[in-house]
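Report on one structure; see the data block that follows.
In each ligand, atom 1 is the first atom listed, and ligand 1 is the first ligand listed.
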Amino acid sequence: MTSTLVTSIGELTTWEPDRPIRHDAAIVFDQGAVAWVGDAADAPAADQRVDAEGRAAVPGFVDSHSHLIFAGDRADEFEARMAGQKYEAGGIRRTVRLTREADDATLLANARAIVDEMRRQGTTTVEIKSGYGLTVHDEQGAMRLARELTPETTFLGAHVVPVEFADDPDGYVDLVTGEMLDACAPFARWIDVFCETGAFTVEQSRRILEAGAARGLGLRLHAGQLGESGGVQLAVELDAASVDHGTFLSDADVDALAGSNTVATLLPGVEFSTRQPYPSGRRLLDAGVAVAIATDCNPGSSFTSSIPFCIALAVREMGMTPLEALRAATVGGARALRRDDVGHLRVGATGGLALLEAPSASHLAYRPGVPLVHQVVG
Ligand code: NIG
Ligand code: FE
(Lines give C-alpha, C1' and ligand atoms only; values in the text may rest on other atoms or scores of the structure.)
(Ligands and ions follow the chains in the order given, each with its own letter.)
Protein backbone atom coordinates (compact mmCIF):
# COMPACT_ATOMS: atom_id res chain seq x y z
CA MET A 1 0.00 0.00 0.00
CA THR A 2 1.24 3.47 -0.85
CA SER A 3 1.00 6.79 0.97
CA THR A 4 -1.73 9.27 0.04
CA LEU A 5 -1.80 13.01 0.65
CA VAL A 6 -5.22 14.66 0.76
CA THR A 7 -4.75 18.40 0.49
CA SER A 8 -6.75 21.64 0.15
CA ILE A 9 -9.31 20.41 2.71
CA GLY A 10 -11.56 23.38 3.50
CA GLU A 11 -12.64 22.02 6.89
CA LEU A 12 -11.05 18.94 8.45
CA THR A 13 -12.60 17.41 11.58
CA THR A 14 -9.85 15.44 13.32
CA TRP A 15 -11.13 15.51 16.93
CA GLU A 16 -7.60 16.39 18.10
CA PRO A 17 -8.15 17.55 21.70
CA ASP A 18 -6.55 20.96 21.31
CA ARG A 19 -7.78 21.61 17.77
CA PRO A 20 -10.73 19.39 16.81
CA ILE A 21 -11.43 21.22 13.53
CA ARG A 22 -8.81 22.60 11.12
CA HIS A 23 -9.19 24.80 8.06
CA ASP A 24 -7.12 24.75 4.84
CA ALA A 25 -5.70 21.49 6.06
CA ALA A 26 -4.01 18.42 4.67
CA ILE A 27 -3.58 14.85 5.88
CA VAL A 28 -1.35 11.94 4.89
CA PHE A 29 -2.31 8.25 5.09
CA ASP A 30 0.42 5.65 5.06
CA GLN A 31 -0.43 1.94 5.06
CA GLY A 32 -4.04 2.96 5.78
CA ALA A 33 -3.20 4.93 8.94
CA VAL A 34 -2.95 8.68 9.46
CA ALA A 35 0.76 9.56 9.35
CA TRP A 36 0.60 13.37 9.35
CA VAL A 37 -1.99 16.17 9.82
CA GLY A 38 -1.36 19.88 9.36
CA ASP A 39 -1.77 23.03 7.27
CA ALA A 40 -2.11 22.45 3.53
CA ALA A 41 0.80 24.85 3.02
CA ASP A 42 3.15 22.53 4.98
CA ALA A 43 2.02 19.24 3.44
CA PRO A 44 4.78 16.71 2.78
CA ALA A 45 5.03 14.73 -0.45
CA ALA A 46 3.38 11.31 -0.80
CA ASP A 47 3.04 8.63 -3.48
CA GLN A 48 -0.47 9.77 -4.38
CA ARG A 49 -2.21 13.12 -4.08
CA VAL A 50 -5.93 13.87 -3.76
CA ASP A 51 -6.94 17.51 -4.21
CA ALA A 52 -9.99 18.11 -2.00
CA GLU A 53 -10.64 21.44 -3.74
CA GLY A 54 -11.94 23.05 -0.54
CA ARG A 55 -14.33 20.24 0.43
CA ALA A 56 -14.89 19.31 4.08
CA ALA A 57 -13.54 16.01 5.41
CA VAL A 58 -14.70 14.01 8.43
CA PRO A 59 -13.50 10.77 10.03
CA GLY A 60 -15.02 7.66 8.44
CA PHE A 61 -18.26 6.99 10.31
CA VAL A 62 -18.46 4.19 12.87
CA ASP A 63 -21.78 2.35 12.60
CA SER A 64 -21.74 0.41 15.86
CA HIS A 65 -25.09 -1.39 15.47
CA SER A 66 -26.41 -3.33 12.47
CA HIS A 67 -28.09 -6.64 11.66
CA LEU A 68 -26.98 -7.45 8.12
CA ILE A 69 -27.13 -11.25 7.91
CA PHE A 70 -30.70 -11.73 6.73
CA ALA A 71 -32.84 -12.58 3.70
CA GLY A 72 -35.97 -10.91 2.40
CA ASP A 73 -37.52 -7.63 3.43
CA ARG A 74 -40.55 -6.49 5.45
CA ALA A 75 -41.72 -3.48 3.49
CA ASP A 76 -45.32 -4.60 4.07
CA GLU A 77 -44.84 -4.15 7.84
CA PHE A 78 -43.41 -0.67 7.27
CA GLU A 79 -46.41 0.23 5.15
CA ALA A 80 -48.76 -1.09 7.84
CA ARG A 81 -46.96 0.95 10.51
CA MET A 82 -47.23 4.08 8.44
CA ALA A 83 -50.96 3.36 8.35
CA GLY A 84 -51.05 3.21 12.15
CA GLN A 85 -49.97 -0.27 13.22
CA LYS A 86 -47.50 -0.68 16.12
CA TYR A 87 -44.01 -2.17 15.81
CA GLU A 88 -43.74 -5.56 17.51
CA ALA A 89 -40.69 -7.69 18.21
CA GLY A 90 -42.50 -10.70 16.67
CA GLY A 91 -41.76 -9.56 13.10
CA ILE A 92 -38.22 -10.79 13.68
CA ARG A 93 -39.50 -14.38 13.31
CA ARG A 94 -40.55 -13.72 9.70
CA THR A 95 -36.99 -12.77 8.82
CA VAL A 96 -35.73 -15.81 10.74
CA ARG A 97 -37.81 -18.08 8.49
CA LEU A 98 -36.48 -16.51 5.29
CA THR A 99 -32.90 -16.42 6.58
CA ARG A 100 -32.92 -20.10 7.50
CA GLU A 101 -34.10 -20.91 3.96
CA ALA A 102 -31.38 -18.85 2.26
CA ASP A 103 -27.95 -20.22 1.35
CA ASP A 104 -24.71 -18.68 2.58
CA ALA A 105 -23.77 -17.20 -0.78
CA THR A 106 -27.06 -15.29 -0.92
CA LEU A 107 -26.76 -14.09 2.67
CA LEU A 108 -23.17 -12.96 2.17
CA ALA A 109 -23.93 -11.15 -1.09
CA ASN A 110 -26.84 -9.35 0.56
CA ALA A 111 -24.76 -8.26 3.54
CA ARG A 112 -21.80 -7.26 1.39
CA ALA A 113 -24.04 -5.11 -0.78
CA ILE A 114 -25.21 -3.23 2.32
CA VAL A 115 -21.66 -2.81 3.65
CA ASP A 116 -20.73 -1.35 0.23
CA GLU A 117 -23.77 0.92 0.37
CA MET A 118 -22.66 2.05 3.86
CA ARG A 119 -19.15 2.79 2.63
CA ARG A 120 -20.46 4.91 -0.22
CA GLN A 121 -22.17 6.94 2.53
CA GLY A 122 -18.99 7.35 4.54
CA THR A 123 -19.08 4.42 6.96
CA THR A 124 -15.72 2.69 7.29
CA THR A 125 -16.24 0.68 10.50
CA VAL A 126 -19.34 -1.45 10.98
CA GLU A 127 -20.54 -3.81 13.67
CA ILE A 128 -22.67 -6.74 12.45
CA LYS A 129 -24.90 -8.98 14.58
CA SER A 130 -26.30 -12.44 14.02
CA GLY A 131 -29.82 -13.05 15.30
CA TYR A 132 -31.93 -14.24 12.36
CA GLY A 133 -30.81 -17.87 12.53
CA LEU A 134 -31.66 -18.90 16.11
CA THR A 135 -30.41 -22.48 15.72
CA VAL A 136 -26.87 -23.56 16.54
CA HIS A 137 -26.17 -24.16 12.85
CA ASP A 138 -27.79 -20.99 11.52
CA GLU A 139 -26.33 -18.69 14.18
CA GLN A 140 -22.85 -20.08 13.64
CA GLY A 141 -23.34 -19.64 9.89
CA ALA A 142 -24.35 -16.01 10.38
CA MET A 143 -21.34 -15.36 12.62
CA ARG A 144 -18.97 -16.87 10.05
CA LEU A 145 -20.41 -14.63 7.33
CA ALA A 146 -20.27 -11.54 9.55
CA ARG A 147 -16.61 -12.33 10.24
CA GLU A 148 -15.88 -12.13 6.54
CA LEU A 149 -17.06 -8.54 6.54
CA THR A 150 -15.87 -7.01 9.83
CA PRO A 151 -13.91 -7.76 13.00
CA GLU A 152 -16.78 -6.17 15.00
CA THR A 153 -19.04 -9.21 15.12
CA THR A 154 -21.79 -9.73 17.68
CA PHE A 155 -23.52 -12.96 18.68
CA LEU A 156 -27.24 -12.21 19.09
CA GLY A 157 -28.69 -15.70 19.47
CA ALA A 158 -30.93 -14.05 22.07
CA HIS A 159 -32.79 -11.88 19.57
CA VAL A 160 -36.21 -13.50 20.15
CA VAL A 161 -37.33 -16.94 21.31
CA PRO A 162 -37.83 -18.94 18.08
CA VAL A 163 -41.21 -20.60 17.43
CA GLU A 164 -39.92 -24.09 18.20
CA PHE A 165 -39.15 -22.95 21.79
CA ALA A 166 -42.37 -20.94 22.24
CA ASP A 167 -43.39 -23.14 25.19
CA ASP A 168 -39.94 -23.33 26.72
CA PRO A 169 -38.19 -19.94 26.64
CA ASP A 170 -35.80 -20.91 29.43
CA GLY A 171 -34.86 -24.00 27.43
CA TYR A 172 -33.88 -21.64 24.62
CA VAL A 173 -31.78 -19.58 27.06
CA ASP A 174 -30.04 -22.85 28.03
CA LEU A 175 -29.26 -23.49 24.36
CA VAL A 176 -28.01 -19.90 23.79
CA THR A 177 -25.74 -20.01 26.83
CA GLY A 178 -24.54 -23.54 26.07
CA GLU A 179 -24.11 -25.20 22.72
CA MET A 180 -24.94 -22.10 20.64
CA LEU A 181 -22.46 -19.91 22.50
CA ASP A 182 -19.80 -22.61 22.10
CA ALA A 183 -20.42 -22.67 18.35
CA CYS A 184 -20.51 -18.89 17.91
CA ALA A 185 -17.96 -17.49 20.37
CA PRO A 186 -14.95 -18.26 18.13
CA PHE A 187 -16.38 -15.87 15.52
CA ALA A 188 -17.65 -13.19 17.91
CA ARG A 189 -16.10 -10.19 19.62
CA TRP A 190 -19.37 -9.24 21.36
CA ILE A 191 -22.56 -10.74 22.78
CA ASP A 192 -25.89 -8.92 22.75
CA VAL A 193 -29.45 -9.61 23.95
CA PHE A 194 -32.79 -8.05 23.00
CA CYS A 195 -33.97 -7.26 26.55
CA GLU A 196 -37.61 -6.34 26.06
CA THR A 197 -41.19 -7.46 26.56
CA GLY A 198 -41.74 -10.07 23.83
CA ALA A 199 -38.05 -10.98 23.76
CA PHE A 200 -35.92 -11.65 26.90
CA THR A 201 -36.41 -10.62 30.53
CA VAL A 202 -33.78 -8.79 32.56
CA GLU A 203 -32.93 -12.01 34.42
CA GLN A 204 -32.59 -14.02 31.20
CA SER A 205 -30.48 -11.21 29.74
CA ARG A 206 -28.20 -11.30 32.77
CA ARG A 207 -27.67 -15.06 32.39
CA ILE A 208 -26.86 -14.71 28.71
CA LEU A 209 -24.51 -11.75 29.10
CA GLU A 210 -22.69 -13.38 32.01
CA ALA A 211 -22.22 -16.56 29.95
CA GLY A 212 -20.78 -14.47 27.12
CA ALA A 213 -18.47 -12.59 29.47
CA ALA A 214 -17.22 -15.90 30.85
CA ARG A 215 -16.24 -16.80 27.26
CA GLY A 216 -14.32 -13.53 26.91
CA LEU A 217 -16.90 -11.67 24.83
CA GLY A 218 -17.58 -7.97 25.31
CA LEU A 219 -21.13 -6.99 26.25
CA ARG A 220 -23.81 -4.92 24.50
CA LEU A 221 -27.54 -4.78 25.10
CA HIS A 222 -30.72 -3.78 23.24
CA ALA A 223 -32.86 -2.09 25.92
CA GLY A 224 -35.55 0.55 26.33
CA GLN A 225 -36.87 0.18 22.77
CA LEU A 226 -40.53 -0.52 23.52
CA GLY A 227 -40.72 0.65 27.12
CA GLU A 228 -38.64 1.34 30.24
CA SER A 229 -37.10 -1.78 31.78
CA GLY A 230 -34.25 -2.73 34.04
CA GLY A 231 -32.14 -3.44 30.96
CA VAL A 232 -30.24 -0.18 30.97
CA GLN A 233 -29.19 -0.60 34.58
CA LEU A 234 -28.22 -4.21 33.94
CA ALA A 235 -25.97 -3.04 31.09
CA VAL A 236 -24.32 -0.48 33.37
CA GLU A 237 -23.94 -2.98 36.21
CA LEU A 238 -22.20 -5.46 33.89
CA ASP A 239 -20.04 -2.71 32.31
CA ALA A 240 -21.46 -3.30 28.84
CA ALA A 241 -19.72 -1.24 26.16
CA SER A 242 -23.07 0.03 24.93
CA VAL A 243 -26.77 -0.04 25.60
CA ASP A 244 -28.72 0.57 22.44
CA HIS A 245 -32.09 2.16 21.52
CA GLY A 246 -32.93 4.03 24.77
CA THR A 247 -36.21 5.20 23.28
CA PHE A 248 -37.63 5.00 26.79
CA LEU A 249 -35.27 5.95 29.62
CA SER A 250 -36.11 6.72 33.24
CA ASP A 251 -34.22 9.38 35.21
CA ALA A 252 -32.55 6.53 37.11
CA ASP A 253 -31.40 5.04 33.77
CA VAL A 254 -29.87 8.35 32.74
CA ASP A 255 -28.15 8.75 36.12
CA ALA A 256 -26.75 5.23 35.90
CA LEU A 257 -25.42 5.84 32.39
CA ALA A 258 -23.89 9.17 33.38
CA GLY A 259 -21.74 7.57 36.05
CA SER A 260 -20.63 4.69 33.84
CA ASN A 261 -18.41 3.51 31.04
CA THR A 262 -21.44 2.39 29.02
CA VAL A 263 -22.31 4.36 25.89
CA ALA A 264 -25.95 5.15 25.08
CA THR A 265 -26.32 4.33 21.39
CA LEU A 266 -29.26 6.12 19.81
CA LEU A 267 -30.86 4.65 16.69
CA PRO A 268 -32.99 7.40 15.14
CA GLY A 269 -33.76 5.30 12.06
CA VAL A 270 -35.85 3.09 14.35
CA GLU A 271 -38.03 5.92 15.59
CA PHE A 272 -38.36 7.10 11.99
CA SER A 273 -39.41 3.68 10.76
CA THR A 274 -41.69 2.73 13.66
CA ARG A 275 -43.25 6.13 14.37
CA GLN A 276 -42.18 5.86 17.99
CA PRO A 277 -41.17 9.03 19.86
CA TYR A 278 -37.55 10.08 19.42
CA PRO A 279 -35.55 9.99 22.67
CA SER A 280 -33.75 13.18 23.61
CA GLY A 281 -30.05 13.13 22.86
CA ARG A 282 -29.91 16.53 24.56
CA ARG A 283 -31.08 15.03 27.86
CA LEU A 284 -28.31 12.43 27.72
CA LEU A 285 -25.56 14.84 26.69
CA ASP A 286 -26.57 17.38 29.34
CA ALA A 287 -26.40 14.62 31.96
CA GLY A 288 -22.87 13.74 30.85
CA VAL A 289 -23.70 10.45 29.14
CA ALA A 290 -21.46 9.29 26.27
CA VAL A 291 -23.70 9.10 23.19
CA ALA A 292 -23.31 7.25 19.89
CA ILE A 293 -25.54 7.23 16.82
CA ALA A 294 -25.90 4.13 14.64
CA THR A 295 -28.25 2.91 11.91
CA ASP A 296 -29.47 -0.40 13.43
CA CYS A 297 -29.74 -1.40 9.75
CA ASN A 298 -32.17 -4.36 9.64
CA PRO A 299 -35.21 -5.32 7.56
CA GLY A 300 -37.72 -4.74 10.38
CA SER A 301 -37.29 -1.64 12.48
CA SER A 302 -34.80 0.47 10.49
CA PHE A 303 -33.83 -0.39 6.95
CA THR A 304 -31.43 2.49 6.40
CA SER A 305 -27.69 2.11 5.83
CA SER A 306 -27.12 5.86 6.01
CA ILE A 307 -25.28 7.45 8.90
CA PRO A 308 -25.76 10.91 7.31
CA PHE A 309 -29.53 10.33 7.44
CA CYS A 310 -29.23 9.34 11.13
CA ILE A 311 -27.13 12.43 11.84
CA ALA A 312 -29.81 14.61 10.25
CA LEU A 313 -32.53 12.94 12.36
CA ALA A 314 -30.48 13.29 15.55
CA VAL A 315 -30.09 16.99 14.88
CA ARG A 316 -33.68 17.64 13.91
CA GLU A 317 -35.45 15.26 16.29
CA MET A 318 -33.12 14.55 19.23
CA GLY A 319 -31.97 18.04 20.13
CA MET A 320 -28.35 17.57 19.12
CA THR A 321 -26.22 20.12 17.29
CA PRO A 322 -24.68 19.09 13.95
CA LEU A 323 -21.27 18.86 15.62
CA GLU A 324 -22.59 16.74 18.51
CA ALA A 325 -24.30 14.39 16.08
CA LEU A 326 -21.13 14.06 14.00
CA ARG A 327 -19.19 13.33 17.15
CA ALA A 328 -21.71 10.67 18.17
CA ALA A 329 -21.43 8.99 14.75
CA THR A 330 -17.62 8.92 14.86
CA VAL A 331 -15.95 9.09 18.29
CA GLY A 332 -19.18 7.94 19.97
CA GLY A 333 -19.47 4.85 17.78
CA ALA A 334 -15.80 4.07 18.34
CA ARG A 335 -16.28 4.28 22.08
CA ALA A 336 -19.36 2.04 21.83
CA LEU A 337 -17.00 -0.52 20.27
CA ARG A 338 -14.21 0.28 22.75
CA ARG A 339 -11.95 1.26 19.87
CA ASP A 340 -9.56 4.20 20.00
CA ASP A 341 -8.09 3.78 16.51
CA VAL A 342 -11.20 4.78 14.54
CA GLY A 343 -13.72 7.65 14.60
CA HIS A 344 -11.04 10.38 14.60
CA LEU A 345 -8.18 11.57 12.39
CA ARG A 346 -5.32 11.95 14.81
CA VAL A 347 -1.98 10.39 13.86
CA GLY A 348 -2.34 6.62 13.99
CA ALA A 349 -6.07 6.52 13.17
CA THR A 350 -7.08 3.70 10.83
CA GLY A 351 -10.71 4.49 9.97
CA GLY A 352 -10.05 6.69 6.92
CA LEU A 353 -11.97 9.82 6.04
CA ALA A 354 -15.04 10.85 4.08
CA LEU A 355 -14.62 13.79 1.75
CA LEU A 356 -17.90 15.68 1.51
CA GLU A 357 -19.40 17.54 -1.43
CA ALA A 358 -19.82 20.46 0.99
CA PRO A 359 -17.76 23.21 2.61
CA SER A 360 -18.53 22.09 6.19
CA ALA A 361 -19.67 19.00 8.07
CA SER A 362 -22.86 20.71 9.23
CA HIS A 363 -24.15 20.16 5.68
CA LEU A 364 -24.68 16.50 6.67
CA ALA A 365 -27.75 17.67 8.60
CA TYR A 366 -28.39 20.90 6.69
CA ARG A 367 -28.79 19.02 3.37
CA PRO A 368 -30.64 15.86 4.45
CA GLY A 369 -31.15 13.14 1.89
CA VAL A 370 -28.43 14.49 -0.41
CA PRO A 371 -25.59 12.07 -1.25
CA LEU A 372 -22.81 14.29 0.10
CA VAL A 373 -20.01 11.73 0.37
CA HIS A 374 -17.75 12.48 -2.59
CA GLN A 375 -15.00 9.98 -1.81
CA VAL A 376 -13.76 7.76 1.00
CA VAL A 377 -9.98 7.77 1.51
CA GLY A 378 -7.81 5.53 3.67
O1 NIG B 1 -32.65 -3.48 16.86
N2 NIG B 1 -34.79 -4.80 18.55
C3 NIG B 1 -34.40 -5.85 18.13
N4 NIG B 1 -33.84 -6.06 16.94
C5 NIG B 1 -33.91 -5.13 15.86
C6 NIG B 1 -35.16 -5.29 15.10
C7 NIG B 1 -35.09 -6.45 14.24
C8 NIG B 1 -36.28 -6.68 13.38
O9 NIG B 1 -37.36 -6.07 13.56
O10 NIG B 1 -36.10 -7.51 12.48
C11 NIG B 1 -33.72 -3.73 16.35
O12 NIG B 1 -34.60 -2.87 16.22
FE1 FE C 1 -30.78 -3.77 16.77
*Kindly write out the residues that satisfy side-chain hydrogen bond (donor to acceptor under 3.5 Å, both in side chains) with Arg147, not counting sequence neighbours, or none if the list is empty.*
Thr153
*With a cut-off of 2.8 Å, which protein N/O/S atoms are close to the Fe ion (ligand 2), if we only count those under it?*
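N, O, S partners closer than 2.8 Å: His65 NE2, His67 NE2, His222 NE2, Asp296 OD1.
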*asked:* Taking Gly227's backbone N and O only, do any of them form a donor-acceptor pair with Glu196's side chain (distance below 3.5 Å, no angle check)?
replied: yes
*So, the side chain of Asp116 versus the backbone of Ile114: is there a donor-acceptor pair under 3.5 Å, distance only?*
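The answer is no, because no donor-acceptor pair under 3.5 Å joins these two groups.
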*Kindly assign one of parallel, tilted or perpendicular to the pair His67 and Tyr132, based on the angle between their ring planes and the thresholds 30° and 60°.*
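Geometry flag for Tyr132 against His67: tilted rings.
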*Side chains of Ser305 and Glu117, donor plus acceptor under 3.5 Å*: yes
*asked:* Whether the Gln48 and Thr4 side chains hold a donor-acceptor pair (N or O, under 3.5 Å, no angle test) is what I'd like checked.
replied: yes
*Within-4.5 Å side-chain heavy-atom neighbours: Leu355 and Val373*: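 No, too far: nothing below the 4.5 Å cut-off.
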*Aromatic contact, Phe272 with Phe78 (centres under 6.0 Å)*: no
*Taking ILVMFWY side chains as joined if any heavy atoms are under 4.5 angstrom apart, and letting links pass through other members, which residues group with Leu156?*
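Via sub-4.5 Å side-chain contacts, Leu156 links to none.
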*Residue contacts for ligand 1, heavy atom to ligand atom, distance under 4.0 Å*: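 If the criterion is a heavy atom under 4.0 Å, then ligand 1 touches His65, His67, Arg74, Tyr87, Ile92, Tyr132, His159, Phe194, His222, Gln225, His245, Asp296, Asn298, Gly300, Ser301.
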